[in-house]
2 protein chains.
Amino acid sequence: MNLRDLRYFVALADTKHFGKAAERCYVSQPTLSAQIKKLENYLGVQLIERQPRKVTLTETGAKIVPLARRMLQESDEIIALARNEHDPLSGKLNVALIPTIGPYLLPLVMRRLRKQLPRLKLMLYEYQTQPLLEKLRAGDIELGILALPVALDGLDVRQLYDEAFTVAVPNNSELAKKANVKVDDLNGETVLLLEDGHCLRDQALDVCSRVNAKESEDYRATSLETLRQMVAAGLGITLLPELATRGPFGSGQGLTVKTFTRPVPSRTIGAVWRKSSSRGEAIKAICDVLETAMKESKK
Amino acid sequence: MNLRDLRYFVALADTKHFGKAAERCYVSQPTLSAQIKKLENYLGVQLIERQPRKVTLTETGAKIVPLARRMLQESDEIIALARNEHDPLSGKLNVALIPTIGPYLLPLVMRRLRKQLPRLKLMLYEYQTQPLLEKLRAGDIELGILALPVALDGLDVRQLYDEAFTVAVPNNSELAKKANVKVDDLNGETVLLLEDGHCLRDQALDVCSRVNAKESEDYRATSLETLRQMVAAGLGITLLPELATRGPFGSGQGLTVKTFTRPVPSRTIGAVWRKSSSRGEAIKAICDVLETAMKESKK
DNA sequence: TCACCTCCATAGGCTCTGCCTATGGAATAG
DNA sequence: CTATTCCATAGGCAGAGCCTATGGAGGTGA
């Protein structure tokens with residue numbers, strides 16, 4: 001039994017005339033006749049009573065027409081639904097960002113994303129790098145925005161922008177008085193870091209290992225905001241991503257943010273997604289927006 | 001798009017494994033793979049995300065699964081419904097009888113019909129011959145029980161039984177005192193008849209035309225029961241079908257029923273149905289029951 | 001009554017679809 | 001590195017759907 005045979009049958013039920021039903025279905029009358037006969041044989045019941053010049057439904061046929069009609073409607077629904085979903089730039093997309101990016105990047109780009117991709121509904125999540133990658137591989141999210149490099153098995157990657165590190169110091173520190181800070185100036189300083197699990201920790205450690213700055217043995221923070229407050233309280237200095245020092249997050253209230261002289265330590269922010277993802281076009285479009293926004297934001 | 005492809009897709013959605021889905025559908029894995037690919041192409045959307053060793057639904061695929069599942073259920077419902085209707089001796093059958101047969105025949109045969117054809121639901125109607133034939137040809141009823149002969153264009157016929165006429169006379173009439181009545185004894189009598197439209201009228205007139213009995217010019221009746229009461233009131237005599245004189249309908253209360261000597265005037269009762277009817281077997285079964293019942297009832 | 005028309009069914013041939021087996025490519029495990 | 005798993009691709013075959021041509025039954029009109 002197939003949908004086409006049901007379509008023929010319903011057309012015949014509506015028209016009560018083999019020739020007109022065939023026309024309606026864009027096939028020849030013998031085709032329609034044979035297919036309906038085949039349907040009757042398959043079901044083992046007579047659906048149509050064939051009088052000279054008069055076609056009527058049998059009782060069984062009359063019972064089956066509404067069911068067949070419903071099936072055809074649902075078939076049309078599936079096609080309509082697929083048509084609606086066809087636009088690669090529409091529908092939901094689950095996106096996760098790491099905590100040292102999300103709160104600082106999104107205010108810069110959300111308006112632009114909404115304007116340029118109005119039919120995309122971004123569902124936003126915040127995970128540290130490791131759980132982010134797990135959920136990405138599990139299919140729970142479709143796109144991750146994080147600091148590179150990460151292990152790429154099964155994933156595609158695209159670099160979006162480089163982000164400089166800055167140094168946040170207490171207002172009364174010697175470094176606060178310098179016009180510019182060199183990495184060597186961190187020598188001997190106590191550096192406050194995020195706890196394990198945040199990749200920013202490892203990135204800061206990497207920078208600090210080039211000089212004799214050591215990590216605080218007494219304090220670790222769970223967020224950049226906590227780090228900021230510990231610096232303002234004079235407990236040490238820390239490295240902050242540049243985006244995390246813009247606007248309300250910059251110098252003030254016991255804390256001064258300094259940029260490094262060249263070579264500026266930095267991290268690369270990128271996007272990762274499954275190679276097998278069906279949302280390649282939407283992902284590309286989002287990345288384009290992010291990359292453009294960050295380029296223009298550096299002017 | 002066809003039901004088989006949808007069945008493959010739903011199996012894959014359930015198993016998340018091409019090989020297992022193929023097994024479930026009793027086809028090879030490449031077949032299932034290719035058909036699902038074809039479905040995706042037809043709909044223009046990706047339904048399945050194909051990771052190494054891992055199959056997941058896309059968002060669109062997840063939306064389409066419940067619709068597909070419902071369609072397959074309805075397909076199964078159609079097949080189940082057809083299977084239930086397959087029994088030629090089950091389901092409804094619209095049967096019409098003429099008024100001079102229905103009330104007298106059915107009490108004799110309904111128990112037997114119920115017992116021998118328990119799954120047939122007889123919907124019973126009463127029409128005079130002409131409207132009965134119209135509704136039969138229109139498809140509103142499927143079987144008519146009436147007095148023959150009738151015009152048979154497009155119809156099949158079967159004789160069921162012969163029914164003798166009797167004569168009903170007032171108790172105080174000379175005919176009431178005769179042991180048996182001959183047709184010639186009606187000579188000079190005033191005969192009460194049914195109004196136009198009842199074939200029994202024409203049949204009685206045919207019998208009366210052989211002798212000089214004349215129809216009452218003052219009275220016509222709309223039913224056999226009315227006829228009976230007019231005879232009891234002494235307004236004339238009438239011819240009654242034999243079945244209409246059995247049990248509570250026989251002699252009594254001012255009226256005597258007499259049988260004719262040979263050659264007994266009679267009418268033939270038969271069944272008619274459309275040649276194109278799909279209910280041949282049920283119709284045959286009913287006629288068998290009626291015919292047997294009447295044969296045995298004559299002993 | 002005959003000729004013509006309408007209407008559905010049947011027959012024969014062609015194209016397309018669904019299916020199989022065989023094989024390839026990618027990824028994973030030992 | 002080899003073996004296994006898993007899905008996709010390739011090539012060939014049988015069956016299904018479709019067409020045109022035709023037949024048979026019934027109805028209509030002259």
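Letters A, B, ... mirror the listed sequences (proteins, then strands); counts begin at 1.
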**Asked** Please give, in whole Å, the distance from D:dA8 P to B:Gln51 CD?
**Response** 13 Å
**Message:** Regarding B:Glu49 and A:Ser276, do their side chains bring together a donor and an acceptor under 3.5 Å, going by distance alone?
**Reply:** yes
**Asked** Donor-acceptor pair, A:Arg274 side chain versus A:Ile141 backbone, under 3.5 Å?
**Response** yes
**Request:** Answer yes or no: does a side-chain N or O of B:Lys38 lie under 4.0 Å from OP1 or OP2 of C:dT17?
**Result:** no
Under 3.5 Å, which donor-acceptor pairs link side chains of residues 116-126 of chain B to any protein atom two or more places apart or in another chain?
| unit_1 | atom_1 | unit_2 | atom_2 | d |
| --- | --- | --- | --- | --- |
| B:Arg119 | NE | B:Asp87 | OD2 | 2.6 |
| B:Arg119 | NH2 | B:Asp87 | OD2 | 2.5 |

**Asked** Is A:Asn2 near enough to D:dA16 that one of its side-chain N or O atoms lies under 4.0 angstrom from OP1 or OP2?
**Response** no
**Prompt:** Rounded to the nearest Å, what distance is computed from the NZ atom of residue A:Lys37 to the P atom of nucleotide D:dG17?
**Reply:** 15 Å
**Prompt:** Hey, is the main chain of A:Ala271 close enough, under 3.5 Å, to the side chain of A:Arg158 for a donor-acceptor pair?
**Reply:** no
**Message:** Just the rounded figure in Å: distance from P of C:dT17 to CG of B:Leu3.
**Reply:** 17 Å
**Message:** Distance check needed: D:dA16 C1' versus A:Asn41 CG, whole Å only.
**Reply:** 14 Å
**side-chain hydrogen bond (donor to acceptor under 3.5 Å, both in side chains) partners of residues 135-154 of chain B, not counting sequence neighbours, each pair once** = B:Arg137-B:Asp153
**Asked** Just by protein heavy atoms under 4.0 Å, how would nucleotides 18-30 of chain D read 5' to 3' in B, S and -?
**Response** SBBB----BS---
**Request:** Output all residues satisfying side-chain contact (heavy atoms from CB on, under 4.5 Å) with A:Thr268, sequence neighbours left out; order by chain, then residue number.
**Result:** A:Leu148, A:Gln159, A:Asp162
**Prompt:** In residues 9-22 of chain B, which ones come under 4.0 Å of DNA chain D, going by heavy atoms?
**Reply:** B:His17, B:Phe18, B:Gly19
**Asked** Taking CD1 from A:Ile36 and C1' from D:dA16, how many angstroms apart are they, rounded to a whole number?
**Response** 17 Å
**Asked** Looking at side-chain heavy atoms only, is the closest gap between B:Glu74 and A:Glu74 below 4.5 Å?
**Response** yes
**Asked** Would you say a side-chain N or O of A:Arg50 is under 4.0 Å from OP1 or OP2 of C:dC7?
**Response** no
**Item:** D:dC7 OP1/OP2 closer than 4.0 Å to side-chain N/O of B:Lys54
**Value:** no
**Message:** Test: side-chain hydrogen bond (donor to acceptor under 3.5 Å, both in side chains). Region: residues 10-22 of chain B. Which pairs qualify, not counting sequence neighbours?
**Reply:** B:Asp14-B:Arg69
**Request:** Would you please test A:Thr100 and A:Arg267 for side-chain hydrogen bond (donor to acceptor under 3.5 Å, both in side chains) and show each step?
**Result:** CA-CA 12 Å; A:Thr100 58; A:Arg267 65 178 179 173; 3.1 Å; yes
